[in-house]
Each structure stands twice: as C-alpha cells, then as structure tokens.
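See structure below.
The model shown is predicted, which means the values in this text are computed figures rather than measured ones. FYI, the numbering just counts along the sequence from 1.
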Amino acid sequence: MIILDQVTKVYSTRQGPHTVLEGINLRVAKGEKIGILGRNGAGKSTLIRLISGAELPTTGHIHRGISISWPLAFGGAFQGSLSGLDNVRFICRVYDAPIHSAIDFVKDFSELGNYLNEPVKKYSAGMRARLAFAISMAVEFDCFLVDEIVAVGDSRFHEKCRIELFEKRKDRAMILVSHDLGYVRAHCNHAAVLVEGKLHLFDQAEDAYQFYQSTC
C-alpha cells in the first residue's frame with residue numbers, strides 16, 4: 001500500500017514561500033486505480049513527483065509498501081552522456097530487473113532504432129519521452145504513476161502506449177493525474193480533486209467529477 005500522511009510541499013520564490021500542497025492524505029492499495037483531477041497549476045505533477053520519490057516533501061511522510069514507477073515519460077533521471085541502451089542497463093541494475101529482456105523490449109517498443117546507441121543528450125524531447133515510456137514498461141511495477149504527458153508521439157504510438165499500459169497492465173495500481181474528466185472516467189474507479197493545495201477524496205467517482213466541475 002502507498003500511504004501519504006499529512007504531506008506538504010513548499011517552494012521558495014522571490015515573493016516568499018509558496019505552498020503547493022498542504023496536508024495531503026491518501027491511501028492506494030494494490031490494484032486500485034485513482035484519478036486525481038485538478039486544473040493546470042494545481043500541483044498534480046508535483047504530487048506525482050513526491051509519490052515517486054523524485055522530490056521530497058517539505059513536511060509529512062510517504063510510505064511506499066509496493067513498488068512504484070517513476071512518472072511515465074519522465075526522462076529527468078537519464079544520464080545524458082550515456083546512450084539510450086546504457087541508460088536501460090543502468091536503470092535495470094538500480095531496479096534489479098533483467099537487462100537482456102528489457103533491452104529487447106525497449107528496442108522493439110521505442111522504435112528509436114540506431115538512436116539507442118547515441119547519447120541521450122542528442123535526443124529530441126519526443127525521443128526522450130519514447131525511451132522513458134519504453135523503459136517504464138520494461139521494468140515491472142506494482143503501481144504506475146501516470147501524468148497526462150503519457151500521450152507521447154503520434155496517434156499510432158499513443159495508441160500503442162495505451163494498450164501497453166491500460167490493457168496489458170490492467171491488474172496494476174495506478175495513480176493518474178489529469179484535468180480531463182473523460183481521461184479519468186476511462187481509466188479509474190476512484191477519484192479525488194486537488195484544489196488550492198488540498199486533496200478532496202470521494203467514495204464515488206461521479207461525486208468527484210461534480211465537485212471538480214463546480215470548483216475548478
């Protein structure tokens with residue numbers, strides 16, 4: 001289970017401290033899919049980064065009792081001077097995942113061809129996103145963190161990503177953040193709404209949709 005206990009995130013700005021998230025409480029069990037709705041700038045991506053461990057909360061505690069992916073399509077952890085394949089090898093060692101099968105999967109799924117032998121710093125943003133998503137699928141996790149940026153590439157590649165994540169891994173837990181009601185409806189059985197740094201949880205997803213429409 002993933003447990004967020006009174007998690008707060010504050011950033012320093014020229015205007016002084018800015019609280020993005022305040023007193024967030026959340027529990028996500030194995031196999032559970034929760035959508036977190038919020039307008040642009042509400043702190044959805046910040047919340048995802050905190051859950052993944054890419055950032056630390058200012059106060060509060062995050063318990064990770066199951067394995068959690070990094071935010072899908074996030075390439076910020078890549079070593080730019082290493083090739084795409086060397087980054088695959090490095091990440092597999094970190095997560096104790098089989099290297100050879102992961103490389104085969106990434107080669108096939110990313111469709112990057114010979115670019116996988118080039119330094120990642122030479123990649124375009126789209127190429128980095130393809131590599132990051134492919135590696136995310138090559139390493140198995142109990143819970144996937146899904147930001148709207150999962151929609152990488154053209155429509156054909158986008159559909160390929162959808163099938164790989166939402167159909168082939170439909171038994172996994174997911175935390176999906178979005179401002180798109182339809183996106184959350186399609187993939188989640190529970191929902192919450194992030195407004196002014198506070199997370200409002202609802203037993204019924206439709207209640208969350210109605211609250212979101214009335215407040216955001």
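- No close placement of the Phe202 and His190 rings is indicated, their centers lying 6.0 Å or farther apart.
- Using a 30° and 60° split on the angle between ring planes, Tyr95 and Phe141 fall in the perpendicular class, above 60°.
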> Under the side chain to side chain contact (heavy atoms under 4.5 Å, CB included) criterion, do Leu85 and Asn117 qualify, and how do the steps go?
Replying inline: CA-CA 6 Å; Leu85 290 181; Asn117 296 307; 3.4 Å; yes

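- The closest side-chain heavy-atom distance from Glu22 to Lys198 is below 4.5 Å.
- A salt bridge between Asp104 and Lys107 is absent, with no side-chain N of the basic residue lying under 4.0 Å from a carboxylate O of the acidic one.
- Side-chain N/O atoms of Thr46 and Arg49 include a donor and acceptor closer than 3.5 Å.
- In this structure the side chain of Leu56 never reaches within 4.5 angstrom of the side chain of Leu50, judged on heavy atoms.
- Scanning both residues, Ala191 and Ala208, for their nearest heavy atoms gives CB-CB, 3.6 Å.
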> Does the side chain to side chain contact (heavy atoms under 4.5 Å, CB included) test come out yes or no for Val177 and Ile48, once each step is laid out?
Replying inline: CA-CA 8 Å; Val177 298; Ile48 284 288; 3.5 Å; yes

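- Formation of a donor-acceptor pair under 3.5 Å by the Arg39 side chain with backbone atoms of Thr215 is not found in this model.
- Ring geometry, Phe109 versus Phe105: the interplanar angle falls under 30°, so the pair is classed parallel (tilted spans 30 to 60°).
- To the nearest 0.5 angstrom, Glu196 atom CD is 12.0 Å from Thr19 atom OG1.
- His18 and Tyr11 have their aromatic ring centers separated by at least 6.0 angstrom.
- By the criterion of side-chain heavy atoms lying less than 4.5 angstrom apart, applied directly or through intervening Ile, Leu, Val, Met, Phe, Trp or Tyr residues, Phe90 is grouped together with Phe133 in one hydrophobic cluster.
- Using a distance-only test at 3.5 Å, with no hydrogens or angles considered, a donor-acceptor pair links the side chain of Arg64 to the main chain of Ile51.
- Side-chain atoms of Gln213 and Leu181, non-hydrogen and from C-beta on, do get closer than 4.5 Å to each other.
- Side chain of Arg169 to backbone of Glu164: a donor-acceptor contact under 3.5 angstrom is found.
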> Given Trp70 and Phe144, is the ring-ring contact (aromatic ring centres under 6.0 Å, His included) satisfied, shown in steps?
Replying inline: CA-CA 8 Å; Trp70 51 85; Phe144 287 94; 9.0 Å; no

> What's the verdict on side chain to side chain contact (heavy atoms under 4.5 Å, CB included) for Phe211 and Val195, showing C-alpha distance, side-chain angles and the deciding distance?
Replying inline: CA-CA 10 Å; Phe211 179 80; Val195 182; 4.2 Å; yes

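- Looking at Leu131 and Leu116, their side chains come closer than 4.5 Å, going by heavy atoms from C-beta outward.
- In this structure, Asn189 and Lys33 approach most closely via the heavy-atom pair OD1-O, 2.6 Å.
- Between atom CD of residue Glu206 and atom CG of residue Asp203 there is a gap of 14.0 Å, rounded to the nearest 0.5 Å.
- Side-chain N/O atoms of Ser67 and Asp142 include a donor and acceptor closer than 3.5 Å.
- In this structure, CG in Leu47 is found 11.0 Å from CD in Glu55, a value given to the nearest 0.5 Å.
- Cluster membership check: Ile68 shares its hydrophobic cluster with Ile62, using side-chain heavy-atom separations under 4.5 Å among Ile, Leu, Val, Met, Phe, Trp and Tyr.
- Looking at heavy atoms from C-beta onward, Leu194 lies out of side-chain contact with Leu37 at the 4.5 angstrom threshold.
- A side-chain N or O of Gln79 and one of Ser81 form a donor-acceptor pair less than 3.5 Å apart.
- How far CG of Leu199 is from CG of Leu21: 8.5 Å, rounded to the nearest 0.5 Å.
- At most 12 heavy atoms of other shown residues, nucleotides or ligands fall within 6.0 angstrom of atom CG in Asp96.
- Between Glu32 and Arg172 there is no salt bridge, since none of the side-chain N atoms of the basic residue sits less than 4.0 Å from a carboxylate O of the acidic one.
- Of the possible donor and acceptor atoms, one in the side chain of Thr58 sits under 3.5 Å from a partner among the backbone N and O of Val10.
- Salt bridge Glu159/Arg162: present, at least one basic N to carboxylate O contact under 4.0 Å.
- Within the 4.5 Å cutoff, no side-chain heavy atoms of Ile66 are placed close to those of Met1.
- Side-chain atoms of Asp5 do not come within 3.5 Å of backbone N or O of His61 as any donor-acceptor pair.
- Distance check, rounded to the nearest 0.5 Å: NZ of Lys122 to OH of Tyr115 gives 10.0 Å.
- Across all non-hydrogen atoms, the minimal contact from Gly80 to Pro119 is O-CB, 3.5 Å.
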> How far apart are the C-alpha atoms of Ile175 and Ile36, what are their side-chain angles, what is the distance that settles it, and do they pass the side chain to side chain contact (heavy atoms under 4.5 Å, CB included) test?
Replying inline: CA-CA 7 Å; Ile175 302 173; Ile36 300 177; 3.9 Å; yes

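- Residue Ala192 comes nearest to Leu201 through the heavy atom pair CB-CD2, 3.5 Å, listed as atom of the first residue, atom of the second, then distance.
- The two atoms that bring Ile2 and Cys143 nearest to each other are CD1-SG, 3.7 Å, heavy atoms only.
- Counting only heavy atoms from C-beta outward, the side chains of Ser83 and Val120 never approach each other to under 4.5 Å.
- Placement of Ile103 and Val94 within a single hydrophobic cluster is found when ILVMFWY residues are connected by side-chain heavy-atom separations under 4.5 Å, directly or transitively.
- Note that the CG atom of Leu176 and the CG atom of Leu145 stand 10.0 Å from one another [nearest 0.5 Å].
- By the 4.5 Å heavy-atom criterion applied to side chains, His100 and Arg89 are not counted as neighbours.
- Nearest heavy atom pair, residue Ser136 against residue Ala132, reads OG-O, 2.8 Å.
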